[in-house]
Amino acid sequence: MSDRINFKINEKMEILMEDGIYKSNIQDITEEYIAISVPVKDGSYLPLRKGETIEGVYYQGKAVYKFFTPVLGRKIDRIMMITLKKPEKFIKIQRRNFVRVYFLSNISFAVIGNKNEMININDDEITFYSGYSLDLSASGIRLSTAKELYLGDIIIMHISIKEETLNLKGKVVRIEKDENNKGIYGICFLDIDNKTVDKIMRILFQIMREQRKLGVEGD
């Protein structure tokens, strides 16, 4: 932690609610508060009330800040804004080291090479296999599958997350076996851009909220 988050005007902020993630941005900053645009999700605006405590997420460079703070009120200066008390406590998280959460989802994947050789991924002979994830982080996933994989294998994956599909490349960095001798593989994401990392981070925050509500704990 540090004494202050270095908030900047026009930077993105997100508000985590039971029904999902509402997007906003910073419009004004004073010593006492930050003013944000009215948060919106899928065209619906979030009617925050004075005194309500919100769970916020702020992205800055390679770090993410998560915090709780009360709503102070509203103000109008060309547009309607929500004023929030500047957070006194927050959690700073490096994106690549973000917490791993329990996540069960179907995955289809194909082996496209290993540490010594790559396959032409446009080749029609590439075979996709099925498996499922056990957990997820911004840097990787744990994959369970009957298909035997080897350390250093490079795979492409189609992962279904929150009504969308992420197409990612990964490398097998760890191998385990379950009680039925089925392979459980630690996959590290490769060539992942910041936009995709941010998308996964948002999904992770939403999963964490849902799991906290249901009493499920992550690692």
Side-chain angles (χ1 to χ4, degrees), residues 1-99 101-103 105 136-138 159-166 192-216 218:
M1 292 189 180
S2 63
D3 293 337
R4 292 277 184 171
I5 298 175
N6 186 24
F7 289 114
K8 295 182 180 179
I9 291 176
N10 293 327
E11 291 287 343
K12 294 182 295 183
M13 183 177 291
E14 294 169 348
I15 309 300
L16 308 185
M17 302 298 290
E18 298 295 342
D19 62 338
I21 299 173
Y22 287 77
K23 297 182 179 181
S24 179
N25 57 61
I26 298 174
Q27 297 291 321
D28 191 21
I29 305 170
T30 72
E31 287 298 318
E32 293 77 29
Y33 67 79
I34 54 176
I36 64 173
S37 59
V38 179
V40 62
K41 177 179 77 75
D42 300 328
S44 297
Y45 290 92
L46 183 62
L48 293 171
R49 300 181 299 276
K50 182 178 180 180
E52 180 178 0
T53 297
I54 61 98
E55 183 176 0
V57 177
Y58 177 63
Y59 297 85
Q60 182 176 290
K62 294 184 178 181
V64 177
Y65 297 91
K66 188 169 180 286
F67 56 87
F68 294 86
T69 196
V71 176
L72 298 179
R74 300 182 181 184
K75 63 176 289 188
I76 299 177
D77 184 0
R78 298 186 302 277
I79 64 169
M80 173 72 74
M81 292 177 276
I82 307 293
T83 56
L84 307 173
K85 182 179 179 181
K86 277 191 172 179
E88 297 179 355
K89 296 181 179 180
F90 52 89
I91 301 170
K92 181 181 179 182
I93 306 165
Q94 295 298 324
R95 300 184 190 205
R96 301 281 177 172
N97 298 326
F98 189 68
V99 65
V101 301
Y102 171 78
F103 176 71
S105 177
L136 173 70
S137 77
I159 306 174
S160 299
I161 306 178
K162 295 294 180 185
E163 300 181 352
E164 64 177 301
T165 299
L166 294 180
I192 186 170
D193 57 44
N194 286 334
K195 183 178 180 180
T196 303
V197 170
D198 287 346
K199 182 182 291 187
I200 296 173
M201 295 284 288
R202 294 184 182 98
I203 292 167
L204 288 170
F205 281 125
Q206 189 168 350
I207 292 172
M208 288 174 65
R209 282 189 63 86
E210 293 168 356
Q211 292 181 352
R212 193 161 60 235
K213 186 177 180 181
L214 296 171
V216 178

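Basis for what follows: all heavy atoms, side chains included, without hydrogens, waters or symmetry-related copies.
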Exercise for the section: Apply side-chain hydrogen bond (donor to acceptor under 3.5 Å, both in side chains) to S105 and list each qualifying residue two or more places apart in sequence or on a separate chain. Expected result: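 Checked S105 against side-chain hydrogen bond (donor to acceptor under 3.5 Å, both in side chains); zero matches.
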
If you measure from [atom1] on [X] to [atom2] on [Y], what distance do you get to the nearest 0.5 Å?
X	Y	atom1	atom2	value
E52	I54	CD	CD1	8.5 Å
I26	I36	CD1	CD1	8.0 Å
I21	D42	CD1	CG	11.0 Å
T53	F67	OG1	CZ	12.0 Å
S24	E14	OG	CD	9.5 Å
E11	I29	CD	CD1	9.0 Å

Sub-4.5 Å side-chain heavy-atom contact between [X] and [Y]:
X	Y	answer
M201	V57	no
K89	F68	no
R74	L48	no

Problem - Backbone N/O of A35 and side chain of T83: donor-acceptor pair under 3.5 Å - result: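 Not a single qualifying donor-acceptor pair exists.
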
Practice task
Return yes if some donor-acceptor pair links the side-chain N/O of S37 with the main-chain N/O of N25 below 3.5 Å, else return no.
Solution key: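 Yes: the side chain of S37 pairs with the backbone of N25.
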
What's the shortest heavy-atom distance between [X] and [Y], and which atoms?
X	Y	answer
R49	V71	O-CB, 3.3 Å
P39	I15	CG-CG1, 3.8 Å
K86	E31	CD-O, 3.7 Å
A138	I200	CA-CG2, 3.9 Å
V38	L46	CG1-O, 3.8 Å
L84	M13	CD1-SD, 4.2 Å

Practice task
Count the heavy atoms belonging to other residues, nucleotides or ligands that lie under 6.0 Å from NZ of K85, then report whether that count exceeds 12.
Solution key: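 Atom NZ in K85 is not packed in, count stays at 12 or less.
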
Problem - Neighbour count >12 (heavy atoms, 6.0 Å) for atom NZ, K199 - result: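 Incorrect, the count does not exceed 12.
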
Exercise for the section: Can you run down the ring pair (Phe, Tyr, Trp, His ring centres under 6.0 Å) pairs that involve residues 5-44, sequence neighbours left out, and say none if there aren't any? Expected result: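 Qualifying pairs: F7-Y58.
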
Problem - Those residues that, when tested against V40, pass side-chain contact (heavy atoms from CB on, under 4.5 Å) (two or more places apart) - result: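 With neighbours one apart ignored, the set is Y45.
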
Problem - K66 vs E55, side chain to side chain contact (heavy atoms under 4.5 Å, CB included): CA-CA, chis, key distance, verdict - result: CA-CA 7 Å; K66 188 169 180 286; E55 183 176 0; 2.6 Å; yes

